[in-house]
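Quick notes on the structure that follows.
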Amino acid sequence: MDGDTLHSIGELARRTGLTVKTIRFYSDRGIVAPTDRSPAGYRLYNTDAVARLDLVRTLRELGLDLPTIRKVVDHELSLPEVAAAHADALAVQIRVLRLRRAVLTAVAERGSTPEETELMHRLAQLSEDERRRLTGEFLDAVFGGPDAAPVFAGAMRSMTPELPDNPEPEQIQAWVELAEMSLDPEFRAVLRRMTEYQAAEQARGGTAGPRRDIVAIVRDQAGPALAAGIDPASPQADPVVAAFAKHYAHLVARPDDVELRRRLAARLESVNDPRRERYLQLLAVVNGWPAPESLAPVLDWSVQALRVRTQQGR
């Protein structure tokens with residue numbers, strides 16, 4: 001194609017796929033200026049206008065405004081720098097849209113009231129610092145704040161949600177529900193009682209260092225019995241109960257008797273609160289961890305086994 005060839009607006013429209021009206025608009029804005037005019041006064045454009053219009057169309061489709069596009073095509077701005085800035089702006093918009101989608105999905109699924117919807121919206125929009133502050137207040141309420149025993153440092157870390165910079169909608173939904181739970185005074189009190197149980201066990205056991213939690217011991221002892229279909233009230237369950245009761249007796253430095261088994265049943269019942277399990281499920285989603293194992297079946301089995309034997313004085 002001859003570089004000196006001049007084209008009318010109609011020819012440019014056919015070459016670029018843009019409408020005559022659009023090209024005239026860009027021309028009036030000085031983005032694609034005519035090279036010359038015909039004897040009748042019609043605008044004429046050189047071949048460079050085709051490439052310029054192709055770039056303008058691409059940048060418009062990418063969402064750039066006309067003043068910025070004009071500076072780019074006139075080489076007043078670097079295209080890579082403009083692209084980087086625009087990409088950053090789009091990232092913010094995408095994050096906002098993800099937050100809105102997550103909240104609306106949660107509202108639809110949960111049938112939320114206007115008040116709950118407003119709370120979810122505010123929680124979803126919290127900054128990283130605000131999320132950390134909310135989480136810190138929650139963990140302080142559960143573990144005792146600055147006076148928390150060093151033995152709970154690992155537990156606090158394991159219960160800390162860390163929403164990634166570019167979360168998936170499911171992670172945002174999980175964060176919102178988790179944040180709602182952490183604001184619930186009753187839920188905080190439930191977890192605080194569990195912490196106090198564990199702290200008292202550490203103190204009665206006469207050690208300041210970490211010791212294996214009784215819940216993990218019960219899970220390991222009772223899990224196989226549950227899997228084998230052993231009835232918690234049957235004689236076959238006696239050695240299983242005796243094994244984890246013995247561990248608990250050693251942990252709290254008390255004899256294995258009816259009173260200890262009642263205490264252990266109460267301890268396991270407190271851990272078996274469904275809200276605790278829900279918190280851990282949501283935490284795994286937010287942090288991108290594998291889904292946690294449900295302890296409810298083995299705890300139900302163990303509590304039933306203990307209750308039967310304490311009622312019978314065994």
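Using a distance-only test at 3.5 Å, with no hydrogens or angles considered, no donor-acceptor pair links the side chain of Arg188 to the main chain of Val142. Side chain of Thr105 to backbone of Arg101: a donor-acceptor contact under 3.5 angstrom is found. Checking side-chain atoms of Thr195 against main-chain N and O of Leu191 turns up a donor-acceptor pair under 3.5 Å. Here the side chain of Asn287 pairs a donor or acceptor atom with the backbone of Thr160 at under 3.5 angstrom. In this structure, Trp301 contributes its side chain and Asp231 its backbone to no donor-acceptor pair below 3.5 Å. At least one donor-acceptor pair closer than 3.5 Å links the side chain of Thr310 to the backbone N or O of Leu306. Within the 3.5 Å criterion, the main-chain N or O of Leu64 finds a donor-acceptor partner in the side chain of Arg60. Using a distance-only test at 3.5 Å, with no hydrogens or angles considered, a donor-acceptor pair links the side chain of Thr35 to the main chain of Asn46. Panel note: side chain Ser27, backbone Arg24; no donor-acceptor pair is recorded below 3.5 Å.
Leu283 and Phe143 fall within the same hydrophobic cluster, defined by Ile, Leu, Val, Met, Phe, Trp and Tyr side-chain heavy atoms under 4.5 Å apart, directly or through other members. Residue Tyr42 is not grouped with residue Val50 when hydrophobic side chains (ILVMFWY) are merged at heavy-atom distances under 4.5 angstrom, including chains of intermediate members. There is no path of hydrophobic side-chain contacts, each under 4.5 Å, that joins Trp175 to Leu104. Under a hydrophobic-cluster definition in which Ile, Leu, Val, Met, Phe, Trp and Tyr are linked whenever side-chain heavy atoms come within less than 4.5 Å, directly or via other members, Leu66 and Val20 are assigned to the same cluster. Residue Phe187 is grouped with residue Met120 when hydrophobic side chains (ILVMFWY) are merged at heavy-atom distances under 4.5 angstrom, including chains of intermediate members.
A 4.5 Å side-chain heavy-atom check between Leu183 and Leu123 finds at least one atom pair inside the cut-off. By the 4.5 Å heavy-atom criterion applied to side chains, Arg29 and Arg70 are not counted as neighbours. Side-chain contact between His7 and Thr5 is present, with heavy atoms from C-beta onward closer than 4.5 Å. Residues Arg267 and Val271 meet the side-chain proximity criterion, which asks for heavy atoms closer than 4.5 Å. Here the side chains of Arg309 and Asp238 are in contact, with some heavy-atom distance below 4.5 Å. Looking at Val176 and Glu180, their side chains come closer than 4.5 Å, going by heavy atoms from C-beta outward. A 4.5 Å side-chain heavy-atom check between Tyr26 and Val56 finds at least one atom pair inside the cut-off.
Asp28 has a carboxylate O that lies under 4.0 Å from a charged side-chain N of Arg43, or vice versa, which qualifies the two as a salt bridge. Under a 4.0 Å N-O distance rule, the pair Arg133/Glu137 does not qualify as a salt bridge. The residues Arg131 and Glu162 are annotated as not salt-bridged, no charged nitrogen and carboxylate oxygen being separated by less than 4.0 angstrom. Arg254 has no carboxylate O lying under 4.0 Å from a charged side-chain N of Glu259, or vice versa, which leaves the two without a salt bridge. Taking 4.0 Å as the cut-off between side-chain N and carboxylate O, Asp74 and Lys71 do not count as a salt-bridged pair. Taking 4.0 Å as the cut-off between side-chain N and carboxylate O, Asp273 and Arg193 do not count as a salt-bridged pair.
The two residues Ala237 and Pro232 come nearest to each other via the heavy atoms CB-O, 3.6 Å. Heavy-atom minimum distance, Pro224 versus Arg219: CD-O, 4.2 Å. Shortest non-hydrogen contact noted between Ala242 and Asp256 is O-OD2, 4.4 Å. Heavy-atom minimum distance, Leu282 versus Leu178: CD1-N, 3.8 Å. Looking at every heavy atom in both residues, Phe244 comes nearest to Ile214 through O-CD1, 3.9 Å. Closest approach of Leu44 to Arg37, counting heavy atoms only: CD1-C, 3.8 Å.
Remark: Thr19 OG1 to Leu12 CG distance equals 12.0 Å, nearest 0.5 Å. Note: Leu59 CG to Thr68 OG1 = 9.5 Å, rounded to the nearest 0.5 Å. Within the model, atoms OG of Ser270 and CD of Glu196 stand 10.5 Å from one another, a figure rounded to the nearest 0.5 Å. Separation of atoms OH (Tyr197) and CZ (Arg263) is listed at 8.5 Å; rounding is to 0.5 Å. Distance check, rounded to the nearest 0.5 Å: CZ of Arg307 to CG of Leu268 gives 9.0 Å. Atom CG in Leu264 sits 10.0 Å away from atom CD1 in Ile217 (nearest 0.5 Å).
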>> Between Met159 and Tyr279, does the side-chain contact (heavy atoms from CB on, under 4.5 Å) criterion hold? Intermediate values first, please.
In response: CA-CA 9 Å; Met159 292 184 65; Tyr279 182 93; 3.8 Å; yes
> Given Leu295 and Asn272, is the side-chain contact (heavy atoms from CB on, under 4.5 Å) satisfied, shown in steps?
Replying inline: CA-CA 7 Å; Leu295 293 178; Asn272 203 21; 5.6 Å; no
>> One pair to check against side-chain contact (heavy atoms from CB on, under 4.5 Å): Gln304 and Asp300. What are the steps and the verdict?
In response: CA-CA 6 Å; Gln304 185 178 349; Asp300 287 338; over 6 Å; no
> Step by step, would you call Ser182 with Thr135 a side-chain contact (heavy atoms from CB on, under 4.5 Å)?
Replying inline: CA-CA 7 Å; Ser182 68; Thr135 299; over 6 Å; no
> Yes or no on salt bridge (charged side-chain N to carboxylate O under 4.0 Å, His left out) for Glu11 and Arg15, after CA distance, side-chain angles and deciding distance?
Replying inline: CA-CA 6 Å; Glu11 290 172 339; Arg15 287 175 176 272; over 6 Å; no
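With hydrogens and angles left out, the side-chain atoms of Tyr45 and Ser8 include no donor and acceptor closer than 3.5 Å. When only modelled atom types and interatomic distance are considered, Ser127 and Glu130 share a side-chain donor-acceptor pair under 3.5 Å.
Within 6.0 Å of CD in Glu81 there are 12 or fewer heavy atoms belonging to other residues, nucleotides or ligands. Within a 6.0 Å sphere centred on CZ of Arg275, other residues, nucleotides and ligands contribute more than 12 heavy atoms.
With sequence neighbours excluded, the residues that form a side-chain contact (heavy atoms from CB on, under 4.5 Å) with Pro167 are Leu163, Pro164, Gln171, Ile172.
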